[in-house]
Amino acid sequence: MEDIDVPSFFLCPISLQLMTDPVTVPTGITYDRQSIEKWLFAGKNHTCPVTKQLISDCDLTPNLTLMRLIQSWCTLNASHGVERIPTPKPPISKQQMAKLLKDAKSPQQQLKCLRKLRSIANVNDTNKRCMEAAGAVEFLASIVNNFTSLSFEESSLDGAGIEIARLSDEALSILYSLQLSESGLRNLIGKNGEVIQSLTRVMQNGNYESRAYAVLLLKSALEVADPMQLVSLRPELFVEIVQVLSDQISHQASKAALQLLINLCPWGRSRLKATEAKAVSTLIDLLLDSSEKRTCEMALAVLDLLCQCAEGRAELLKHGAGLAVVSKKILRVSQVASEKAVRILLSISKFSATSTVLHEMLQIGVVAKLCLVLQVDCGSKGKDKAREVLKLHARAWKNSPCIPANLLSSYPA
């Protein structure tokens, strides 16, 4: 397209690009649909970008007059390489959505409905919010609950059960693709925790793809959950979260599982449930296998939380590579990882420092690594914690030949 002047009122106030689907918000300002949807929904903003006024109703009204003007201008400038913008497909209405959901009664009708819902959701974010407001979330959740109400044997062997499992897989993927708002997520998990139990069952019995969607949905939902819901989560949920980590279903699912544990384990009950679910050994194995920065940081963050309880520390010490791998990550991943690793060693040193543990920390080079921390630029937090560990057991370590002479000089007085 040649350089030509585009009328300013054809440009979106946010992106300053030619609008292809102009819509007007309740404040009277017109934006391109894609830009304002990104601002409102992905950016989680609640104000008009131009007027800064709160927008209580996010309905976007198509500006058909402006759309026709833009199309006419494109036609007039076709000789300059301007392509005519096609008329955008109007978003679905709440009435259309309600009828679609109401008509989906039999499994065959539900499957047809699910395919239609996926197509609708793929159009734009306005359709996703309309689906949420019109009851699509409750419809999708009911399909997932229906599958998990069956026993695993029924869903595996019975023809009807297989059909319901197929519906559940499709419903789960659509639920995740909707990227629900905070209120939508709260409504999804409700107060009785039925959906959380259903997603736990999916993680137990579903295929890899469904298990991944389940853990991703749980991560989003539990981020907005009431604290009382978090402390009352069942032990089997922690077992399945840890199993997702162990199975390495996908990089995204593993990150979601780690974030779930980070969000849940500040509570003492949750730490115990995670420890009993073998989280500590799984995290140590993950650290042994992975060198990816964010994965290591998150795994160490979870271990730091778990080592704040006696059971977690005991599990780390029971693992043959526990202390070694934590020490190995210091100064090798990032400043964040180093600080988390030193915090773990401080928890061990404060509360679980038997003579055997102190000897092991000396023999495998943990003490030497802490002395090295004091000599390099790795952040004041890490240095302070390392100094605290070394001071705690100076009598047992300071005069040991296991510490290189060049590092011994930095041993804190």
Side-chain angles (χ1 to χ4, degrees), residues 41-42 101 104 107 110-122 125 127-129 131-132 135-150 152 155-156 161-182 184-190 193-225 229 233-234 236-264 277 295 298:
F41 305 138
L101 299 176
Q110 288 176 349
L111 184 58
K112 185 177 179 181
C113 175
L114 289 173
R115 289 170 178 164
K116 181 68 174 174
L117 289 176
R118 180 179 292 282
S119 175
I120 292 168
N122 287 339
D125 284 338
N127 278 357
K128 292 178 182 178
R129 298 288 79 80
M131 291 170 64
E132 186 177 319
V137 175
E138 291 79 0
F139 171 76
L140 295 167
S142 70
I143 291 178
V144 177
N145 292 340
N146 191 26
F147 163 64
T148 57
S149 66
L150 300 173
F152 178 60
S155 61
S156 298
I162 292 173
E163 183 69 19
I164 293 173
R166 183 182 172 197
L167 290 171
S168 176
D169 292 344
E170 185 72 11
L172 263 178
S173 65
I174 296 171
L175 263 177
Y176 175 69
S177 72
L178 289 180
Q179 298 296 296
L180 299 176
S181 65
E182 286 190 15
L185 289 168
R186 288 193 183 95
N187 291 334
L188 174 66
I189 58 177
E194 182 182 5
V195 169
I196 295 176
Q197 295 173 35
S198 294
L199 292 176
T200 303
R201 289 289 303 277
V202 170
M203 292 163 68
Q204 287 173 332
N205 302 325
N207 56 39
Y208 269 25
E209 186 177 7
S210 292
R211 291 172 66 198
Y213 282 130
V215 76
L216 288 164
L217 268 173
L218 275 169
K219 171 190 167 290
S220 298
L222 294 181
E223 283 176 345
V224 300
Q229 286 181 302
L233 293 171
R234 297 184 177 185
E236 52 262 35
L237 173 61
F238 291 84
V239 171
E240 297 311 319
I241 294 172
V242 172
Q243 193 61 50
V244 167
L245 267 181
S246 178
D247 291 344
Q248 292 291 288
I249 293 174
S250 71
H251 189 62
Q252 192 179 14
S254 294
K255 288 283 186 69
L258 286 169
Q259 190 60 56
L260 264 170
L261 292 172
I262 290 171
N263 294 342
L264 296 176
T295 299
M298 296 176 79

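Nothing fancy with the numbering, it's 1 onward along the sequence. Because only heavy atoms are used, hydrogens play no part in the values below, and waters and symmetry mates are left out as well, while side chains stay in.
With hydrogens and angles ignored, the 3.5 Å screen pairs a side-chain donor or acceptor of S142 with a backbone N or O of F139. The closest donor-acceptor contact from the side chain of D125 to the backbone of K128 lies at 3.5 Å or more, if one exists at all. Under a 3.5 Å cut-off, the side chain of Q229 and the backbone N or O of G190 do form a donor-acceptor pair. Using modelled atom types, one side-chain atom of N127 and one backbone atom of I120 make a donor-acceptor pair closer than 3.5 Å.
Within 6.0 Å of CZ on R118 lie more than 12 heavy atoms contributed by other residues, nucleotides or ligands.
In the model, N122 has no side-chain atom that pairs as donor or acceptor with a side-chain atom of S119 under 3.5 Å.
D247 pairs by the side-chain hydrogen bond (donor to acceptor under 3.5 Å, both in side chains) definition with R211, Q243, not counting sequence neighbours. Taking K112 as the reference, nothing meets the side-chain contact (heavy atoms from CB on, under 4.5 Å) condition, with sequence neighbours excluded. The side-chain hydrogen bond (donor to acceptor under 3.5 Å, both in side chains) search around Y176 returns Q252, not counting sequence neighbours. Every residue two or more places apart in sequence or in another chain was checked for a side-chain hydrogen bond (donor to acceptor under 3.5 Å, both in side chains) with T200, and none qualifies. The salt bridge (Lys or Arg N to Asp or Glu O under 4.0 Å) check on R115 picks up nothing, with sequence neighbours excluded. Contacts of Q248 classified as side-chain hydrogen bond (donor to acceptor under 3.5 Å, both in side chains), with partners at least two apart in sequence or in another chain: S254.
Closest non-hydrogen pair, V202 versus S210, comes out as CG1-O, 3.7 Å. Taking each heavy atom of L180 and R129 in turn, the nearest pair found is CA-NH2, 3.8 Å. When all heavy atoms are compared, the tightest approach of L114 to I174 is O-CD1, 3.2 Å. When every heavy atom of A257 is checked against every heavy atom of I241, the shortest pair comes out as O-CG2, 3.7 Å. Closest heavy-atom contact between V224 and E182: CG1-CG, 3.9 Å. Minimum heavy-atom separation, A225 to I189: CB-CD1, 3.7 Å.
Salt-bridge check for E170 with R166: failed, with every basic side-chain N at 4.0 Å or more from each acidic carboxylate O.
In this structure, CG on L101 lies 8.0 Å from CG on L140, to the nearest 0.5 angstrom. Distance check: L199 CG to K219 NZ gives 14.0 Å after rounding to the nearest 0.5 Å. Note that the OG atom of S250 and the CG atom of L216 stand 6.5 Å from one another [nearest 0.5 Å]. Here the CG atom belonging to L175 is positioned 11.0 Å from the OH atom belonging to Y213, to the nearest 0.5 angstrom. Remark: E132 CD to Q179 CD distance equals 11.0 Å, nearest 0.5 Å. Here CD of E138 is found 8.5 Å from CG of L188. Values are rounded to the nearest 0.5 Å.
Exactly one residue among I143, N146, V144 makes a side chain to side chain contact (heavy atoms under 4.5 Å, CB included) with L167. That residue is I143. For the side chain to side chain contact (heavy atoms under 4.5 Å, CB included) with V137, the lone residue among N187, L178, V195, L185 that qualifies is L178.
Put simply, the side chain of L218 reaches to within 4.5 Å of the side chain of L237, judged on heavy atoms. With a 4.5 Å cut-off on side-chain heavy atoms, Q259 and N263 count as touching. Using a 4.5 Å heavy-atom threshold, the side chains of D169 and E209 count as separate.
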- Task: Could you please spell out the steps behind the side chain to side chain contact (heavy atoms under 4.5 Å, CB included) verdict for L245 and L261?
- Result: CA-CA 11 Å; L245 267 181; L261 292 172; 4.0 Å; yes
